[in-house]
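Worksheet: the structure to be examined is printed underneath.
When reading the values below, keep in mind they use all heavy atoms of this one structure, side chains included, and skip hydrogens, waters and symmetry mates. Indexing begins at 1, ligand by ligand and atom by atom, following the structure's order.
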Amino acid sequence: MTLTTKSVARVALVSTLVAAAAGAAVLVASPASGAASTLAAAAQQSGRYFGTAVAANKLSDSTYVGILNREFDMVTAENEMKMDATEPNQGQFSYGNADRIVNQARSQGKRVRGHALAWHSQQPGWMQRMEGSALRQAMLNHVTQVASYYRGKIYAWDVVNEAFADGSSGGRRDSNLQRTGNDWIEAAFRAARAADPGAKLCYNDYNTDNWSHAKTQGVYRMVQDFKSRGVPIDCVGFQAHFNSGNPVPSNYHTTLQNFANLGVDVQITELDIEGSGSSQAEQFKGVTQACLAVARCTGITVWGIRDSDSWRASGTPLLFDRNGNKKAAYNAVLDALNAGGTTTVPTTPTDPTTDPQNPESCTATYSEGEKWSDRFNGQVTVSGTDNWVVTVTVGSPQRIIATWNTSPTWETANVMTARPNGNGNTFGFTIQHGGNWNWPSISCRVA
Ligand code: G2I
């Protein structure tokens, strides 16, 4: 099945500003400036990371470690931090392989995503046989012990992994953990926060990429509920295991943006896409661009280095071939990272879901329009409020020579302020580019 990356790629620049008075986040496009030659360096240009899953038993493979050290600045243990690995017998913790990965990463200046504290799968045998309050207690003890052991060394923990059901229910997956009571997830997040207050705490799942899927909606409602009740959640991980039966959805960017709008970071945590050649490359490019277009999409992790390292090696779903050569997909990701994305000036955003003073938010989405040799069209769509002010800044020697559906005022010749003029929340303009094809910077605020 052909993937519909086109619309992902087209919505190229998003500027989100959570409302008004309390401190405005200014988001700008970072155009390509001296291309970086590794994934990590390219991602760092917009303040993001580029990570990979690592298996402890491959740390003696020099090709593997060479690519790891060169290309990536974030590491996830593929299996070594899971419950069966870290607590094989109740109350006896085992960190040997996990430590090998954490120490290797940190010695190279890389950060670590922790995966995963609580999960229905890969439980040690003793836990699989538990139920009820004894299991709840054991799970919380596991979260506390493991998060405390690694306190200060983990950028983000997948506190809970894969707790929602596939299919149309939009509800929780049945599991021994779920049967201890619906509040098991928030209990795990609270225990993790107490154990390592400096780590970002994430909910991580798969098949949550398509905004219209019931599972996506179910996770969204949980995160919304957690934010409204002060449950300590900081991020949502999208595993992103794609193949022809489960392609990158055309609304992927919408999904990432809508979660980010709840006031959490979003991360692509286990990316792999089965396929080969330019079709695979296009899909990787679309996913990368979707992340780059969301200011709170803080990084991308691929689920392994070479195709032969993958949990589904026959689908050749990664960025390097079995010999460690860069694939077309690698170049597509690198180029997309070098083309830039939104970056965010650090700010403490006001959360519209929890702050009754600031119920409105402003999200401005830029999309490319027609192009001619001397000029191109751009369009901005605003959501979150009807009461917006959008600033459009063009780079030298560009000039905005026409507008529609807004009556602009001008700060300077290259900074235009657009407001609604009764023609809805989409406006457009023509830029005479003078050889500079970069997109304008867009920022949005509630008037
Ligand atoms: O299934 C793909 C991923 C889905 N999201 C959560 C991830 O944690 C999960 O990773 C995979 C690993 O890539 C596999 O490597 O999780 C699998 C288990 O759920 C891992 O497979 C296990 C095999 O089941 C074991 O038999 C094997 O000993 O890998 C182990 C180490 O190779």
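- A side-chain N or O of Q104 and one of N69 form a donor-acceptor pair less than 3.5 Å apart.
- Counting protein heavy atoms under 4.0 angstrom from atom 31 (C) of ligand 1 gives one or more.
- The W311 neighbourhood of ligand 1 comprises atoms 1 (O), 2 (C), 13 (O), with distances under 4.0 Å to a heavy atom of that residue.
- In this structure, Y149 has its ring center closer than 6.0 angstrom to the ring center of Y95.
- Not a single heavy atom of N204 sits less than 4.0 Å from an atom of ligand 1.
- Just one of Q122, H120, Q128, Q123 meets the side-chain contact (heavy atoms from CB on, under 4.5 Å) condition when paired with M83; it is Q123.
- For ligand 1, the atoms lying closer than 4.0 Å to a non-hydrogen atom of E78 are 12 (C), 13 (O), 14 (C), 15 (O).
- Each of the atoms 4 (C), 5 (N), 6 (C) of ligand 1 lies under 4.0 Å from some heavy atom of Q239.
- Ligand 1 has a nitrogen or oxygen under 3.5 angstrom from a nitrogen or oxygen of E270.
- Within a 4.0 Å radius of atom 25 (C) of ligand 1, the protein contributes no heavy atom.
- In terms of protein heavy-atom proximity, atom 22 (C) of ligand 1 is closest to N79 OD1, 4.1 Å.
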Handout entry: Evaluation steps, side-chain hydrogen bond (donor to acceptor under 3.5 Å, both in side chains), between S175 and R173
Key = CA-CA 6 Å; S175 71; R173 171 196 298 279; over 6 Å; no
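- Taking the six-membered ring for Trp and thresholds of 30 and 60 degrees, H115 and W119 have ring planes inclined between 30 and 60 degrees apart.
- Salt bridge status for R229 with E186: present, with a side-chain N to carboxylate O gap under 4.0 Å.
- Protein heavy atom at the shortest distance from atom 16 (O) of ligand 1 is K82 NZ, 3.0 Å.
- Among all non-hydrogen protein atoms, the one lying nearest atom 10 (O) of ligand 1 is W303 NE1, 3.3 Å.
- Residue contacts with ligand 1: H241 is included, with a non-hydrogen atom under 4.0 Å away.
- Salt bridge status for R136 with D183: present, with a side-chain N to carboxylate O gap under 4.0 Å.
- The E162 neighbourhood of ligand 1 comprises atoms 4 (C), 5 (N), 6 (C), with distances under 4.0 Å to a heavy atom of that residue.
- The protein heavy-atom contact nearest to atom 18 (C) of ligand 1 is Q122 OE1, 3.0 Å.
- Ring centroids of F226 and Y203 are separated by 6.0 Å or more, keeping the two rings apart.
- Both the sub-6.0 Å distance and the 45° axial angle are satisfied by K215 relative to the ring of Y206.
- Taking a cut-off of under 4.0 Å to the non-hydrogen atoms of N161, the atoms of ligand 1 that pass are 6 (C).
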